[in-house]
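Both backbone and side-chain heavy atoms feed into the values below; hydrogens, waters and symmetry mates do not.
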Amino acid sequence: MTTALLHTAAELRARTRTGRRAVVMTMGALHEGHATLIRTARALAGPDGEVVVTVFVNPLQFGAGEDLDRYPRTLDADLKLAEESGADVVFAPGVDEVYPGGEPQVRISAGPMGERLEGSSRPGHFDGMLTVVAKLLHLTRPDVALYGQKDAQQLALIRRMVRDLNFGVEIVGVPTVREEDGLALSSRNRYLSPAERRTALALSGALFAGQDRHAAQEALRARAREVPATRARAEALSAIGESRAAADAHAVATAVPGGPAAVRAATRQVLDEAARLEPPLALDYLALVDPSDFTEIPDDFTGEAVLAVAARVGTTRLIDNIPLTFGAAS
């Protein structure tokens, strides 16, 4: 297939639409993570639908001192990857097309959720992000739009905006794509030197450590629920040599610190060790939050959560996260 490169909304509107239109929004510098989004969009749109990939480096979501000027622009390579992944259109508007009157005076506010974590570290970032997402949703008019779960707070805010402001579009989150060593794919990874990349692996390593602690605790609690802590039951089990396993499972499951606290501790241990590497990892935040509002979860929390981390290695800022579910077997 040949992917059309369009620069104006008028060109996009002129296309004949049949079937569902699926949109993948990017800032360019496409990599395998974006390719996964495009392939998923292709499957959702179906053979009769249309996949549109937007490429636009949005100036509103870059703060003072951030990397707007050096953010990679690789449109020719982006077009090739989009085509190989199944896109029908690459929509690459200029700044004047998206903001024809200059910086917009009326913008989307991300509200309280947009002031937490990434919003605290990058004031105004999410207002700028939601404003351009709203504009691109209007310009492309998709039936479904896809976003990566690596930017978990961004995805949560887009879902909230679509719900709160009655956008008629389905939002789909696609799991994070990782390199073989575990590092989450990001356009900013290219900024890392070999030594910095080795340090950066602590982000995913810390998350996996927290995930392992969580899995172990959930398994122990499930075992404890299966084995009631009664004397009669213990005596019966001892007859067939199972009492020690049952007692151990119950004791450990009830004695370890609360699930979220233990997950945070396991994750922080890896990050603390990475802070002593050369070059060091400079932690911005470690958070274990409710994905509905990105507030920290309490120790007695049950349900879905997001374990998230942000840090700098050298001059490069990286983020990563994994989803967890507490009390899944309750």
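Applying the salt bridge (Lys or Arg N to Asp or Glu O under 4.0 Å) definition to pairs two or more places apart or across chains, those involving residues 189-201 are Glu179-Arg197, Asp181-Arg197.
Across all their heavy atoms, Ala87 and Thr3 have their closest contact at O-OG1, 2.7 Å. When all heavy atoms of Ile322 and Leu207 are compared, the closest pair comes out as CD1-O, 3.2 Å. Arg317 and Arg188 get closest at one heavy-atom pair: O-CD, 3.7 Å. Contact detail for Ala35 and Ser85: the closest heavy-atom pair is CB-OG, 3.4 Å. Across all their heavy atoms, Ala262 and Gln217 have their closest contact at CB-OE1, 2.9 Å. Met161 and Leu130 get closest at one heavy-atom pair: SD-O, 3.8 Å.
Proximity of a side-chain donor or acceptor of Ser187 to a complementary backbone N or O of Ala29 within less than 3.5 Å is detected. Using a distance-only test at 3.5 Å, with no hydrogens or angles considered, no donor-acceptor pair links the side chain of Glu32 to the main chain of Val177. The backbone N or O of Ala9 lies less than 3.5 Å from a partner atom in the side chain of Glu97, making a donor-acceptor pair. Side chain of Thr325 to backbone of Gly303: no donor-acceptor contact under 3.5 angstrom is found. Judged by distance alone, the side chain of Thr316 and the main-chain N or O of Arg312 form no donor-acceptor pair under 3.5 Å. Although no hydrogens or angles enter the test, the distance criterion places no donor-acceptor pair under 3.5 Å between the side chain of Asn321 and the main chain of Leu288. A donor-acceptor contact shorter than 3.5 Å is absent between the side chain of Gln153 and the backbone of Gly114. With Ser120 contributing its side chain and Leu117 its backbone, the two residues share no donor-acceptor pair below 3.5 Å. Side chain of His125 to main chain of Arg122: no donor-acceptor pair is present (N/O by atom type, distance under 3.5 Å, no hydrogens or angles). Put simply, the side chain of Gln269 never gets that close to the backbone of Ala266: no donor and acceptor are under 3.5 Å apart.
When hydrophobic clusters are built by joining Ile, Leu, Val, Met, Phe, Trp and Tyr residues whose side-chain heavy atoms come closer than 4.5 Å, directly or via intermediates, Leu137 is not grouped with Val174. Both Ile158 and Val23 are assigned to one and the same hydrophobic cluster, defined by single-linkage of ILVMFWY side chains at heavy-atom distances under 4.5 Å. In this structure, Val52 is a member of the same hydrophobic cluster as Val162, with clusters built from ILVMFWY side-chain heavy atoms closer than 4.5 Å.
Of the N and O atoms on the side chains of Asp290 and Thr295, not one donor lies less than 3.5 Å from an acceptor on the other residue. In summary, the side chains of Asn58 and Gln61 do present a donor paired with an acceptor at a separation below 3.5 Å, with no hydrogens or angles considered.
Ion pair Arg20/Glu170 flagged as a salt bridge, since at least one NZ, NE, NH1 or NH2 atom sits closer than 4.0 Å to an Asp/Glu carboxylate oxygen. In summary, Arg15 and Glu11 do not engage in a salt bridge, as defined by a charged side-chain N under 4.0 Å from a carboxylate O. Of the charged side-chain nitrogens involved, none lies within less than 4.0 Å of a carboxylate oxygen, so that Glu296 and Arg116 do not count as a salt-bridged pair. Taking a cutoff of 4.0 Å between a charged side-chain nitrogen and a carboxylate oxygen, Arg39 and Glu84 do not qualify as a salt bridge. Comment: Glu50 does not engage Arg42 in a salt bridge, judged by the lack of any side-chain N to carboxylate O separation of less than 4.0 angstrom. No salt bridge links Arg17 with Asp48; every basic N to acidic carboxylate O contact stays at or beyond 4.0 Å.
Under the 4.5 Å side-chain criterion, counting only non-hydrogen atoms from C-beta, Leu307 is not in contact with Gln211. Leu157 has its side chain out of reach of Val133: every pair of non-hydrogen atoms, C-beta onward, lies at least 4.5 Å apart.
In this structure, the ring of Phe326 has its center less than 6.0 angstrom from the ring center of His214. Aromatic ring centroids of His138 and Phe167 lie under 6.0 Å apart.
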